[in-house]
Amino acid sequence: MDLDFVEKLIGAVSRSPIAELEIERDGTRVRICKHAPGAATQAGVSPPSASAATVAPASPAPAGPASGRHSIRAPLTGVFYRAASEGAPPLVSVGDVVEEGQKIGVLEAMKTFNVVEADRAGRIVEIAFEDRAAIQSGDVLFVLDERF
């Protein structure tokens, strides 16, 4: 990994709403983290950045076979968008019934837009993040009620 590439990554992270980026290339791993101005870190734990506004539910809804609920998780780390394009209405809202394969969100990672699809049919009962939130791979994005 050359220095020019790392400098470009730093610039991209500083201009984006994401708080952290980790990449491995040719056996070299680089991790870039934003920190709030004047913030100190302890034991390798970084404070949340002011530009990385993540809205998570106060108490996550239980999801599993017993509750009839199913979580749709982020397949990768990036920026979550509820609409297909800027200025467009959200793809889904709480209460909407979705079909398997339906486009329900968009994730941007490294300037690439990835479609988030419903992996099964159900009614949207929770949308865990606001538009333009920085999310991590594995975060719950949506909770579906399969007993719609």
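For clarity, every value in this text was computed on a predicted model and none was experimentally measured. Scope of the values below: all heavy atoms of this structure, side chains included, with no hydrogens, waters or symmetry mates.
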Worksheet item: With a 4.5 Å heavy-atom cut-off, do I72 and L144 have their side chains touching?
Response: yes

Practice prompt. Look at the side-chain heavy atoms of Ile, Leu, Val, Met, Phe, Trp and Tyr, link any pair under 4.5 Å apart, and say whether V115 and V140 land in one connected group.
Written response: no

Practice prompt. Start with the C-alpha distance between L141 and F129, add both sets of side-chain angles, then the distance that settles side-chain contact (heavy atoms from CB on, under 4.5 Å), and finish with yes or no.
Written response: CA-CA 6 Å; L141 299 175; F129 291 92; 3.9 Å; yes

Item to complete: Apply the test side-chain contact (heavy atoms from CB on, under 4.5 Å) to residues F142 and V92: give CA-CA distance (whole Å), side-chain angles for both, the deciding distance (0.1 Å), then the verdict.
Response: CA-CA 10 Å; F142 300 92; V92 294; 3.7 Å; yes

Item to complete: Just grab all the salt bridge (Lys or Arg N to Asp or Glu O under 4.0 Å) pairs involving residues 80-94, residues at least two apart or on different chains.
Response: E86-R132

Discussion item. Run the side-chain contact (heavy atoms from CB on, under 4.5 Å) test on L76 and N114 for me, step by step, so that the C-alpha distance in whole Å, both residues' side-chain angles and the decisive distance to 0.1 Å come before the verdict.
Written reply: CA-CA 9 Å; L76 46 87; N114 302 278; 4.1 Å; yes

Worksheet entry | Pairwise salt bridge (Lys or Arg N to Asp or Glu O under 4.0 Å) hits with a residue in residues 114-125, at least two apart | R120-E146

Worksheet item: Would you call I135 and L107 a side-chain contact if the rule is heavy atoms closer than 4.5 Å?
Response: yes

Practice prompt. Can you run down the side-chain hydrogen bond (donor to acceptor under 3.5 Å, both in side chains) pairs that involve residues 98-110, sequence neighbours left out, and say none if there aren't any?
Written response: Y81-E108

Worksheet item: Which heavy atom in R147 sits nearest to a heavy atom in G68, and how many Å separate them?
Response: NE-CA, 3.7 Å

Worksheet item: Is V98 close to I124 at the side-chain level, that is, under 4.5 Å between some pair of heavy atoms?
Response: yes

Item to complete: Identify the heavy atoms of A88 and A83 that sit nearest to each other, and give their distance.
Response: O-CB, 3.3 Å

Item to complete: Using modelled atom types only, decide if a donor and an acceptor are shared between the side chain of S71 and the backbone of V143 within a distance under 3.5 Å.
Response: no

Practice prompt. Write down the atom of L91, the atom of V106, and the distance for their closest heavy-atom approach.
Written response: CD1-CG2, 4.3 Å

Item to complete: Kindly give the heavy-atom pair with the smallest separation between P75 and S137, and that separation in Å.
Response: O-OG, 3.5 Å

